[in-house]
Amino acid sequence: MNTKQTKRIVVKVGSSLVTNNGEGLDHAAIAMWAEQMAALLRSGHEVLMVSSGAIAEGMQRLGWTKRPQEIHQLQAAAAVGQMGLVQVYESCFARFNLRSAQVLLTNADLANAERNANARATLDTLLKLGVVPIINENDTVVTDEIKFGDNDSLAALVTNLIHADLLIILTDQGGLFTADPRQHADATLLQQAIAGDPALEKMAGGAASELSKGGMLTKVLAAKVAVQTGASTVIASGREPNVLTRLLAGEQIGTRLVPPSTH
Ligand code: GLU
């Protein structure tokens with residue numbers, strides 16, 4: 001990857017990472033990412049964050065130990081939890097003198113020409129102001145990401161929307177493995193492949209946990225969408241120290257899914 005040309009970056013973090021496997025919001029992890037984002041902003045990058053975790057945090061606040069089946073209960077949990085989510089982002093980002101903004105979007109918003117233009121203009125303006133937008137799905141009005149994806153597809157659509165150069169999907173796995181490492185001891189980490197290669201979808205099939213509804217398949221599909229506007233996608237562990245700054249310094253971490261021409 002030519003890191004000099006990587007200006008706009010979308011960083012997506014999933015529920016199991018943000019909540020440390022459901023044990024409440026992981027302030028330390030969020031502060032770690034904030035510190036790295038501050039460094040990236042200082043070196044001239046523009047960064048947006050797509051974060052899940054509202055339902056997981058809402059479940060905690062409501063004292064629910066088991067994820068409900070009822071969709072309106074999940075939406076209610078998301079509404080409760082979103083308060084906690086932005087509270088933690090706001091305070092962690094402020095520690096590193098970063099300003100943040102809450103943006104709630106849906107896939108349908110982005111499919112509508114007028115809303116799409118408004119969302120793009122707002123995000124552009126925030127980025128030019130040096131603010132880090134913290135984006136989540138607007139779970140009150142839709143259920144796309146609740147049912148499937150845990151914001152992976154939203155992150156890809158945001159990447160297209162603002163023509164980001166790079167989508168970084170942070171997860172609790174080291175990247176994309178040739179098979180599910182939780183079931184196959186001989187699975188190996190794939191370092192680089194072409195985004196949109198159908199073989200990747202086979203490799204990534206299944207493998208979602210209780211907390212994250214995505215698994216690897218939705219990440220591979222997100223890379224396929226992101227590449228439509230020329231973006232590369234990196235799938236890497238959010239627990240890797242300084243993962244963001246090291247990636248942008250050109251280090252090979254996790255799996256990099258690149259446009260065909262750069263392979
Ligand atoms: N937008 C949801 C959240 O932030 C999606 C994740 C999920 O389905 O658990 O919680």
Side-chain angles (χ1 to χ4, degrees), residues 10-27 29-30 33-34 48-93 100-111 115 119 123 132-159 161 167-173 204 206-222 225 235 238:
V10 176
V11 178
K12 186 259 168 181
V13 288
S15 300
S16 50
L17 205 57
V18 176
T19 63
N20 202 5
N21 288 317
E23 290 166 18
L25 290 171
D26 190 340
H27 295 228
I30 294 174
W33 301 321
L48 295 90
M49 190 137 195
V50 176
S51 177
S52 317
I55 292 180
E57 171 65 8
M59 281 169 57
Q60 278 260 327
R61 290 187 168 207
L62 293 164
W64 297 348
T65 47
K66 209 174 159 345
R67 188 177 166 105
Q69 298 288 318
E70 166 68 49
I71 207 82
H72 299 308
Q73 285 189 316
L74 289 167
Q75 290 173 303
V80 171
Q82 183 66 24
M83 301 291 282
L85 197 63
V86 290
Q87 225 169 41
V88 176
Y89 273 108
E90 152 79 13
S91 60
C92 287
F93 276 58
S100 49
Q102 174 185 245
V103 177
L104 297 176
L105 285 175
T106 68
N107 292 358
D109 289 332
L110 300 181
R115 287 170 177 234
L123 292 173
V132 180
I134 311 289
I135 304 168
N136 196 359
E137 187 188 49
N138 188 356
D139 293 316
T140 301
V141 294
V142 289
T143 55
D144 310 16
E145 305 289 347
I146 290 177
K147 287 189 188 144
F148 183 70
D150 196 15
N151 283 345
D152 288 332
S153 113
L154 183 66
L157 293 174
V158 167
T159 302
L161 179 73
L167 167 62
I168 301 176
I169 301 182
L170 295 181
T171 179
D172 53 3
Q173 302 287 306
S209 73
E210 257 287 294
L211 273 172
S212 60
K213 305 298 283 180
M216 277 297 155
L217 181 58
T218 55
K219 293 172 180 46
V220 163
L221 294 174
V225 172
I235 305 169

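Scope of the values below: all heavy atoms of this structure, side chains included, with no hydrogens, waters or symmetry mates. Whatever order the structure lists them in is the order used to number ligands and atoms, beginning at 1.
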> Considering the options Gln75, Gln60, Gln82, Arg67, which one meets the side chain to side chain contact (heavy atoms under 4.5 Å, CB included) requirement together with Ile55?
Replying inline: Arg67
>> With heavy-atom distances below 4.0 Å as the criterion, list the atoms of ligand 1 near Gly53.
In response: 3 (C), 4 (O), 10 (O)
>> What I'd like to find out is whether the side chain of Val18 reaches to under 4.5 Å of the side chain of Leu85, using heavy atoms alone.
In response: yes
>> Give the atom numbers and elements of ligand 1 that come within less than 4.0 Å of a heavy atom of Ile55.
In response: 3 (C), 7 (C), 8 (O), 9 (O), 10 (O)
> Which one of Met59, Glu137, Arg67 has a non-hydrogen atom at the shortest distance from atom 7 (C) of ligand 1?
Replying inline: Arg67
> Taking heavy atoms and a distance under 4.0 Å, where does Leu85 meet ligand 1: side chain, backbone, both or neither?
Replying inline: neither
> What's the shortest heavy-atom distance between Gly84 and Arg61, and which atoms?
Replying inline: CA-NH2, 3.2 Å
> Any chance CD of Gln69 has more than 12 other-residue heavy atoms, nucleotides or ligands included, within less than 6.0 Å?
Replying inline: no
> Relative to ligand 1, is Asp139 under 4.0 angstrom through side chain, backbone, both or neither, heavy atoms considered?
Replying inline: side chain
>> At less than 4.0 angstrom from any non-hydrogen atom of Asn136, what atoms of ligand 1 do you find?
In response: 1 (N), 3 (C), 4 (O)
>> Under 4.0 Å from a heavy atom of Ala54: which atoms of ligand 1 are those, numbered in the order shown and with their elements?
In response: 3 (C), 4 (O), 10 (O)
> Are side-chain heavy atoms of Val13 and Trp33 found at a separation under 4.5 Å?
Replying inline: yes
>> Is there a polar contact between ligand 1 and Ala56, counting only N or O atoms under 3.5 Å apart?
In response: no
> Can you name the nearest heavy-atom pair linking Thr171 to Leu17, along with the distance?
Replying inline: O-CD1, 3.5 Å
> Shortest non-hydrogen contact from Met49 to Tyr89?
Replying inline: CE-OH, 3.6 Å
> Under 4.0 Å from ligand 1, counting heavy atoms only, is it the side chain of Ser15, its backbone, both or neither?
Replying inline: side chain
